[in-house]
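Following: one structure in C-alpha coordinates, then a few remarks.
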2 protein chains.
Amino acid sequence: MFGKSINKKLKENDYRLTGQRTAILEVMMDNQGRHLSAEEVLAQARKKQPNIGIATVYRTLEKLAAIDILYKSMFNDDKYRYEINDDHNEHHHHHIVCLACGKIAELEDDLLCSLEGQLETQGFEVVDHELKFFVYCPVCRKKQNK
Amino acid sequence: MFGKSINKKLKENDYRLTGQRTAILEVMMDNQGRHLSAEEVLAQARKKQPNIGIATVYRTLEKLAAIDILYKSMFNDDKYRYEINDDHNEHHHHHIVCLACGKIAELEDDLLCSLEGQLETQGFEVVDHELKFFVYCPVCRKKQNK
DNA sequence: TTATGTGCAAAGGATTTGCAACAGT
DNA sequence: ACTGTTGCAAATCCTTTGCACATAA
(Lines give C-alpha, C1' and ligand atoms only; values in the text may rest on other atoms or scores of the structure.)
Protein backbone atom coordinates (compact mmCIF):
# COMPACT_ATOMS: atom_id res chain seq x y z
CA MET A 1 0.00 0.00 0.00
CA PHE A 2 3.05 2.28 0.02
CA GLY A 3 4.58 1.27 -3.28
CA LYS A 4 6.19 -2.09 -3.78
CA SER A 5 9.76 -1.16 -2.94
CA ILE A 6 8.77 0.39 0.35
CA ASN A 7 6.65 -2.61 1.27
CA LYS A 8 9.50 -4.90 0.37
CA LYS A 9 11.89 -2.98 2.56
CA LEU A 10 9.48 -3.11 5.46
CA LYS A 11 9.02 -6.84 5.12
CA GLU A 12 12.73 -7.52 4.71
CA ASN A 13 13.35 -5.72 7.95
CA ASP A 14 10.72 -7.38 10.10
CA TYR A 15 8.89 -4.19 10.33
CA ARG A 16 5.54 -4.58 12.08
CA LEU A 17 3.00 -2.34 10.43
CA THR A 18 1.13 -0.60 13.23
CA GLY A 19 -1.45 2.14 12.93
CA GLN A 20 1.10 4.66 14.16
CA ARG A 21 3.67 3.69 11.59
CA THR A 22 1.12 3.74 8.84
CA ALA A 23 0.12 7.25 9.88
CA ILE A 24 3.72 8.42 9.89
CA LEU A 25 4.44 6.88 6.53
CA GLU A 26 1.34 8.50 5.09
CA VAL A 27 2.42 11.86 6.44
CA MET A 28 5.82 11.47 4.84
CA MET A 29 4.30 10.47 1.51
CA ASP A 30 1.93 13.43 1.63
CA ASN A 31 4.92 15.68 2.08
CA GLN A 32 7.15 14.44 -0.65
CA GLY A 33 9.99 16.92 -1.18
CA ARG A 34 9.41 18.69 2.13
CA HIS A 35 11.69 18.39 5.12
CA LEU A 36 9.71 17.79 8.29
CA SER A 37 10.89 17.93 11.87
CA ALA A 38 9.72 15.32 14.37
CA GLU A 39 7.27 17.81 15.88
CA GLU A 40 5.81 18.58 12.48
CA VAL A 41 5.38 14.89 11.76
CA LEU A 42 3.73 14.46 15.17
CA ALA A 43 1.24 17.25 14.52
CA GLN A 44 0.17 15.77 11.21
CA ALA A 45 0.16 12.18 12.41
CA ARG A 46 -2.14 13.12 15.28
CA LYS A 47 -4.85 13.94 12.78
CA LYS A 48 -4.92 10.24 11.95
CA GLN A 49 -3.81 8.76 15.27
CA PRO A 50 -4.76 11.22 18.01
CA ASN A 51 -2.89 9.46 20.80
CA ILE A 52 0.43 9.03 19.10
CA GLY A 53 3.34 10.30 21.17
CA ILE A 54 6.55 12.05 20.24
CA ALA A 55 8.67 9.07 21.33
CA THR A 56 6.97 6.85 18.79
CA VAL A 57 7.55 9.44 16.12
CA TYR A 58 11.27 9.61 16.87
CA ARG A 59 11.56 5.84 17.06
CA THR A 60 9.74 5.36 13.78
CA LEU A 61 11.58 8.08 11.89
CA GLU A 62 14.86 6.66 13.11
CA LYS A 63 13.98 3.17 11.91
CA LEU A 64 12.70 4.32 8.55
CA ALA A 65 15.87 6.32 8.06
CA ALA A 66 17.97 3.30 8.98
CA ILE A 67 16.46 1.33 6.12
CA ASP A 68 16.70 4.24 3.69
CA ILE A 69 13.01 4.90 3.35
CA LEU A 70 13.58 8.32 4.82
CA TYR A 71 16.51 10.62 4.57
CA LYS A 72 17.57 12.47 7.70
CA SER A 73 19.47 15.72 7.70
CA MET A 74 19.94 18.92 9.60
CA PHE A 75 19.85 22.43 8.26
CA ASN A 76 20.20 25.64 10.19
CA ASP A 77 17.90 25.16 13.12
CA ASP A 78 19.48 22.47 15.23
CA LYS A 79 16.84 19.87 14.70
CA TYR A 80 16.73 16.88 12.46
CA ARG A 81 14.43 16.90 9.49
CA TYR A 82 13.18 13.94 7.52
CA GLU A 83 12.01 13.53 3.97
CA ILE A 84 10.87 10.56 1.95
CA ASN A 85 13.59 9.02 -0.15
CA ASP A 86 12.18 8.19 -3.56
CA ASP A 87 14.90 5.92 -4.84
CA HIS A 88 15.84 4.58 -1.44
CA ASN A 89 19.14 3.08 -2.39
CA GLU A 90 21.40 5.85 -3.36
CA HIS A 91 20.75 9.19 -1.79
CA HIS A 92 22.59 12.08 -3.21
CA HIS A 93 21.11 15.02 -1.50
CA HIS A 94 22.08 18.42 -2.70
CA HIS A 95 20.20 20.99 -0.77
CA ILE A 96 20.01 24.65 -1.54
CA VAL A 97 19.20 26.43 1.70
CA CYS A 98 18.08 30.06 1.64
CA LEU A 99 19.65 31.91 4.56
CA ALA A 100 16.85 34.44 4.62
CA CYS A 101 13.60 32.49 4.36
CA GLY A 102 14.95 29.04 5.10
CA LYS A 103 13.36 27.56 2.00
CA ILE A 104 15.16 24.47 0.76
CA ALA A 105 15.47 23.60 -2.88
CA GLU A 106 16.97 20.43 -4.23
CA LEU A 107 19.48 19.87 -6.93
CA GLU A 108 19.25 16.73 -8.99
CA ASP A 109 22.70 16.94 -10.40
CA ASP A 110 25.31 14.27 -10.13
CA LEU A 111 28.38 16.29 -10.89
CA LEU A 112 30.07 14.85 -7.88
CA CYS A 113 30.54 11.36 -9.21
CA SER A 114 33.93 12.19 -10.62
CA LEU A 115 35.05 13.47 -7.26
CA GLU A 116 33.87 10.28 -5.64
CA GLY A 117 35.84 8.34 -8.18
CA GLN A 118 38.98 10.18 -7.15
CA LEU A 119 38.42 9.34 -3.51
CA GLU A 120 37.90 5.72 -4.36
CA THR A 121 41.20 5.50 -6.18
CA GLN A 122 42.69 6.83 -2.95
CA GLY A 123 41.32 3.86 -1.02
CA PHE A 124 38.18 5.36 0.50
CA GLU A 125 34.84 3.65 0.22
CA VAL A 126 32.31 6.38 -0.37
CA VAL A 127 28.98 5.55 1.23
CA ASP A 128 27.20 8.80 0.73
CA HIS A 129 27.74 12.46 0.29
CA GLU A 130 25.88 15.55 1.15
CA LEU A 131 26.20 18.96 -0.37
CA LYS A 132 24.64 22.13 0.90
CA PHE A 133 24.65 25.52 -0.72
CA PHE A 134 23.89 28.44 1.53
CA VAL A 135 22.28 31.09 -0.60
CA TYR A 136 19.95 34.01 -0.83
CA CYS A 137 17.19 32.88 -3.11
CA PRO A 138 15.87 35.11 -5.90
CA VAL A 139 12.75 36.10 -3.93
CA CYS A 140 14.66 37.14 -0.82
CA ARG A 141 17.25 39.03 -2.83
CA LYS A 142 14.50 41.12 -4.35
CA LYS A 143 13.00 41.88 -0.92
CA GLN A 144 16.35 43.09 0.37
CA ASN A 145 16.92 44.80 -2.98
CA LYS A 146 20.36 43.37 -3.38
CA MET B 1 49.66 38.45 18.15
CA PHE B 2 47.33 36.16 16.23
CA GLY B 3 48.30 37.15 12.71
CA LYS B 4 47.36 40.50 11.26
CA SER B 5 44.13 39.54 9.59
CA ILE B 6 42.75 37.99 12.75
CA ASN B 7 43.74 41.02 14.81
CA LYS B 8 42.15 43.31 12.27
CA LYS B 9 38.90 41.34 12.40
CA LEU B 10 38.87 41.49 16.17
CA LYS B 11 39.39 45.23 16.19
CA GLU B 12 36.84 45.87 13.47
CA ASN B 13 34.27 44.05 15.53
CA ASP B 14 34.87 45.76 18.87
CA TYR B 15 36.13 42.59 20.27
CA ARG B 16 37.52 43.03 23.76
CA LEU B 17 40.56 40.83 24.19
CA THR B 18 40.17 39.08 27.53
CA GLY B 19 42.36 36.37 28.98
CA GLN B 20 39.66 33.82 28.27
CA ARG B 21 39.35 34.77 24.63
CA THR B 22 43.08 34.75 24.20
CA ALA B 23 43.21 31.27 25.67
CA ILE B 24 40.47 30.03 23.35
CA LEU B 25 42.11 31.57 20.29
CA GLU B 26 45.41 29.98 21.23
CA VAL B 27 43.74 26.61 21.59
CA MET B 28 42.19 26.97 18.17
CA MET B 29 45.49 27.99 16.60
CA ASP B 30 47.24 25.06 18.26
CA ASN B 31 44.69 22.76 16.69
CA GLN B 32 44.75 23.97 13.14
CA GLY B 33 42.97 21.45 10.93
CA ARG B 34 41.28 19.68 13.83
CA HIS B 35 37.60 19.97 14.64
CA LEU B 36 37.06 20.59 18.33
CA SER B 37 33.84 20.43 20.29
CA ALA B 38 33.08 23.05 22.93
CA GLU B 39 33.99 20.60 25.68
CA GLU B 40 37.31 19.85 24.04
CA VAL B 41 38.06 23.54 23.76
CA LEU B 42 37.11 23.99 27.40
CA ALA B 43 39.46 21.24 28.55
CA GLN B 44 42.40 22.74 26.69
CA ALA B 45 41.58 26.32 27.59
CA ARG B 46 41.49 25.41 31.29
CA LYS B 47 45.19 24.63 31.13
CA LYS B 48 45.74 28.33 30.52
CA GLN B 49 42.72 29.79 32.32
CA PRO B 50 41.70 27.35 35.04
CA ASN B 51 38.45 29.08 35.94
CA ILE B 52 37.02 29.46 32.49
CA GLY B 53 33.47 28.14 32.18
CA ILE B 54 31.65 26.36 29.42
CA ALA B 55 29.29 29.30 28.84
CA THR B 56 32.22 31.54 28.01
CA VAL B 57 33.52 28.95 25.62
CA TYR B 58 30.21 28.74 23.78
CA ARG B 59 29.83 32.51 23.70
CA THR B 60 33.33 33.01 22.39
CA LEU B 61 33.19 30.27 19.77
CA GLU B 62 29.89 31.65 18.56
CA LYS B 63 31.30 35.15 18.20
CA LEU B 64 34.47 34.03 16.48
CA ALA B 65 32.40 31.98 14.06
CA ALA B 66 30.18 34.99 13.37
CA ILE B 67 33.15 36.97 12.16
CA ASP B 68 34.57 34.06 10.18
CA ILE B 69 37.61 33.45 12.33
CA LEU B 70 36.26 30.02 13.09
CA TYR B 71 34.21 27.68 11.03
CA LYS B 72 31.40 25.80 12.74
CA SER B 73 29.98 22.54 11.54
CA MET B 74 28.42 19.34 12.70
CA PHE B 75 29.36 15.82 11.76
CA ASN B 76 27.84 12.63 13.05
CA ASP B 77 27.69 13.15 16.76
CA ASP B 78 25.11 15.82 17.39
CA LYS B 79 27.49 18.43 18.63
CA TYR B 80 29.00 21.42 16.92
CA ARG B 81 32.69 21.41 16.17
CA TYR B 82 34.88 24.39 15.46
CA GLU B 83 38.07 24.82 13.52
CA ILE B 84 40.21 27.80 12.70
CA ASN B 85 39.49 29.31 9.32
CA ASP B 86 42.77 30.14 7.64
CA ASP B 87 41.55 32.37 4.87
CA HIS B 88 38.61 33.72 6.81
CA ASN B 89 36.70 35.14 3.92
CA GLU B 90 35.64 32.32 1.75
CA HIS B 91 35.13 29.00 3.40
CA HIS B 92 34.71 26.07 1.16
CA HIS B 93 34.74 23.14 3.46
CA HIS B 94 34.78 19.73 1.96
CA HIS B 95 34.94 17.19 4.68
CA ILE B 96 35.53 13.51 4.31
CA VAL B 97 34.02 11.80 7.32
CA CYS B 98 34.86 8.19 8.09
CA LEU B 99 31.75 6.40 9.33
CA ALA B 100 33.80 3.89 11.26
CA CYS B 101 36.46 5.84 13.13
CA GLY B 102 35.01 9.31 12.73
CA LYS B 103 38.23 10.71 11.38
CA ILE B 104 37.73 13.77 9.20
CA ALA B 105 39.87 14.55 6.22
CA GLU B 106 39.62 17.69 4.16
CA LEU B 107 39.46 18.17 0.48
CA GLU B 108 41.04 21.25 -0.99
CA ASP B 109 39.37 20.98 -4.31
CA ASP B 110 37.19 23.63 -5.83
CA LEU B 111 35.35 21.56 -8.37
CA LEU B 112 32.13 23.07 -7.22
CA CYS B 113 32.66 26.51 -8.62
CA SER B 114 31.00 25.63 -11.87
CA LEU B 115 27.95 24.41 -10.03
CA GLU B 116 27.81 27.66 -8.11
CA GLY B 117 28.00 29.52 -11.36
CA GLN B 118 24.94 27.67 -12.59
CA LEU B 119 22.99 28.61 -9.48
CA GLU B 120 23.98 32.21 -9.86
CA THR B 121 22.68 32.36 -13.40
CA GLN B 122 19.42 31.09 -11.91
CA GLY B 123 19.23 34.12 -9.62
CA PHE B 124 20.58 32.67 -6.38
CA GLU B 125 23.30 34.41 -4.44
CA VAL B 126 25.58 31.68 -3.17
CA VAL B 127 27.05 32.58 0.20
CA ASP B 128 28.69 29.33 1.07
CA HIS B 129 28.55 25.66 0.45
CA GLU B 130 29.37 22.59 2.37
CA LEU B 131 30.11 19.16 1.08
CA LYS B 132 30.45 16.01 3.10
CA PHE B 133 31.46 12.59 1.95
CA PHE B 134 30.55 9.71 4.21
CA VAL B 135 33.12 7.05 3.71
CA TYR B 136 35.03 4.16 5.13
CA CYS B 137 38.63 5.23 5.19
CA PRO B 138 41.43 2.96 4.00
CA VAL B 139 42.48 2.05 7.54
CA CYS B 140 38.99 1.05 8.67
CA ARG B 141 38.34 -0.90 5.50
CA LYS B 142 41.40 -2.99 6.22
CA LYS B 143 40.28 -3.69 9.79
CA GLN B 144 36.88 -4.87 8.59
CA ASN B 145 38.64 -6.69 5.73
CA LYS B 146 36.31 -5.31 3.15
C1' DT C 1 0.95 -16.51 22.25
C1' DT C 2 4.96 -13.89 22.06
C1' DA C 3 8.01 -10.73 20.60
C1' DT C 4 7.60 -5.91 19.32
C1' DG C 5 5.68 -1.56 19.60
C1' DT C 6 3.42 2.15 22.35
C1' DG C 7 2.56 6.20 25.56
C1' DC C 8 3.94 8.55 29.28
C1' DA C 9 6.97 10.79 32.10
C1' DA C 10 11.50 11.14 33.44
C1' DA C 11 16.30 11.41 32.03
C1' DG C 12 19.98 12.95 29.01
C1' DG C 13 23.05 15.89 26.57
C1' DA C 14 24.19 20.10 24.13
C1' DT C 15 23.54 24.79 24.26
C1' DT C 16 21.64 29.22 26.09
C1' DT C 17 20.39 32.59 29.48
C1' DG C 18 19.77 35.60 33.86
C1' DC C 19 22.26 37.85 36.96
C1' DA C 20 25.60 39.75 40.10
C1' DA C 21 30.43 40.30 40.15
C1' DC C 22 34.46 41.53 37.30
C1' DA C 23 37.83 43.56 34.02
C1' DG C 24 39.36 45.83 29.45
C1' DT C 25 39.65 50.15 27.46
C1' DA D 1 33.93 54.97 35.09
C1' DC D 2 31.57 52.64 31.45
C1' DT D 3 30.36 48.89 29.01
C1' DG D 4 31.13 44.51 27.65
C1' DT D 5 32.47 39.96 29.65
C1' DT D 6 32.55 36.27 33.00
C1' DG D 7 31.13 32.17 35.97
C1' DC D 8 27.67 29.86 37.95
C1' DA D 9 23.45 27.57 38.09
C1' DA D 10 19.17 27.18 36.26
C1' DA D 11 16.58 26.87 32.14
C1' DT D 12 15.67 25.33 27.44
C1' DC D 13 15.35 22.51 23.60
C1' DC D 14 15.71 18.31 21.10
C1' DT D 15 16.06 13.56 21.61
C1' DT D 16 16.31 9.11 24.12
C1' DT D 17 15.01 5.73 27.56
C1' DG D 18 12.56 2.77 31.25
C1' DC D 19 8.68 0.59 32.08
C1' DA D 20 4.03 -1.27 32.28
C1' DC D 21 0.53 -1.98 29.01
C1' DA D 22 -1.13 -3.03 24.36
C1' DT D 23 -1.13 -5.26 19.85
C1' DA D 24 0.38 -7.31 15.12
C1' DA D 25 1.77 -11.62 13.40
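Chain A is the first sequence line, chain B the second, and so forth, proteins listed ahead of strands; every chain is numbered from 1. All values derive from a computational prediction rather than experimental measurement.
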A/Asp78: partners by salt bridge (Lys or Arg N to Asp or Glu O under 4.0 Å), with sequence neighbours left out: none

With sequence neighbours excluded, tell me which residues meet salt bridge (Lys or Arg N to Asp or Glu O under 4.0 Å) with A/Arg81. A/Glu40, A/Asp77

Set of residues satisfying side-chain hydrogen bond (donor to acceptor under 3.5 Å, both in side chains) with respect to B/Glu26, sequence neighbours excluded: B/Lys48

Taking ring pair (Phe, Tyr, Trp, His ring centres under 6.0 Å) as the test, write out the residues that go with B/Phe75, two or more places apart. B/His35, B/His95

Heavy-atom nearest nucleotide on DNA chain C for A/Gly53 versus B/Ser37: which residue maps closer to 5'? A/Gly53

With B/Asn31, which residues qualify under side chain to side chain contact (heavy atoms under 4.5 Å, CB included), at least two apart? B/Val27, B/Arg34, B/Leu36, B/Gln44

By side chain to side chain contact (heavy atoms under 4.5 Å, CB included), A/Gln32 pairs with (sequence neighbours left out) A/Ile84, A/Asp86

Test log, rule side-chain contact (heavy atoms from CB on, under 4.5 Å), inputs B/Arg21 and B/Leu10: CA-CA 11 Å; B/Arg21 287 175 179 175; B/Leu10 294 175; over 6 Å; no

Nearest-angstrom distance from the residue atom [atom1] of [X] to [atom2] of [N]:
X       : N      : atom1 : atom2 : value
B/Asp78 : D/dC13 : CG    : P     : 18 Å
B/Asn51 : D/dA9  : CG    : P     : 12 Å
A/Lys79 : D/dC13 : NZ    : P     : 10 Å
B/Leu42 : D/dC8  : CG    : P     : 10 Å
B/Arg21 : D/dT5  : CZ    : C1'   : 6 Å

In B/S/- notation, 5' to 3', how is nucleotides 17-25 of chain D contacted by protein heavy atoms closer than 4.0 Å? BB----BBS

Is there a side-chain polar atom (N or O) of B/Gln49 under 4.0 Å from OP1 or OP2 of D/dT6? no

Between D/dT16 and A/Tyr58, is there an OP1 or OP2 to side-chain N/O distance shorter than 4.0 Å? no

Counting any heavy atom closer than 4.0 Å, what does B/Ile52 reach on the DNA or RNA strands: base, sugar-phosphate only, or nothing? sugar-phosphate

What nucleic acid atoms does A/Lys11 come within less than 4.0 Å of, heavy atoms only: base, sugar-phosphate, or nothing? nothing

Interatomic distance, OG@B/Ser73 vs OH@B/Tyr80, rounded to 0.5 Å, equals 9.5 Å

Drop me the distance from B/Thr22's OG1 to B/Gln49's CD, to the nearest 0.5 angstrom. 7.5 Å

The helix from C/dT1-D/dA25 to C/dT25-D/dA1: angle between terminal helix axes, five bp per end, to the nearest 10 degrees, reads 40°

If you walk 5' to 3' along DNA chain C, what is the first nucleotide with an atom under 4.0 Å of a heavy atom in chain A, and what is the last? C/dA3 to C/dC8

Using only atom types and a distance under 3.5 Å, with no angle test, would you say the side chain of A/Lys9 pairs donor to acceptor with the backbone of A/Ile67? yes

Considering only distance and modelled atom types, tabulate donor-acceptor pairs under 3.5 Å from the side chains of residues 52-65 of chain A, sequence neighbours left out.
residue, atom, partner, partner atom, Å
A/Thr60, OG1, A/Thr56, O, 2.8
A/Glu62, OE1, A/Lys72, NZ, 3.1
A/Glu62, OE2, A/Lys72, NZ, 3.4

With nearest nucleotides of DNA chain D determined for B/Arg46 and A/Glu62 from heavy-atom distances, which residue corresponds to the more 5′ nucleotide? B/Arg46

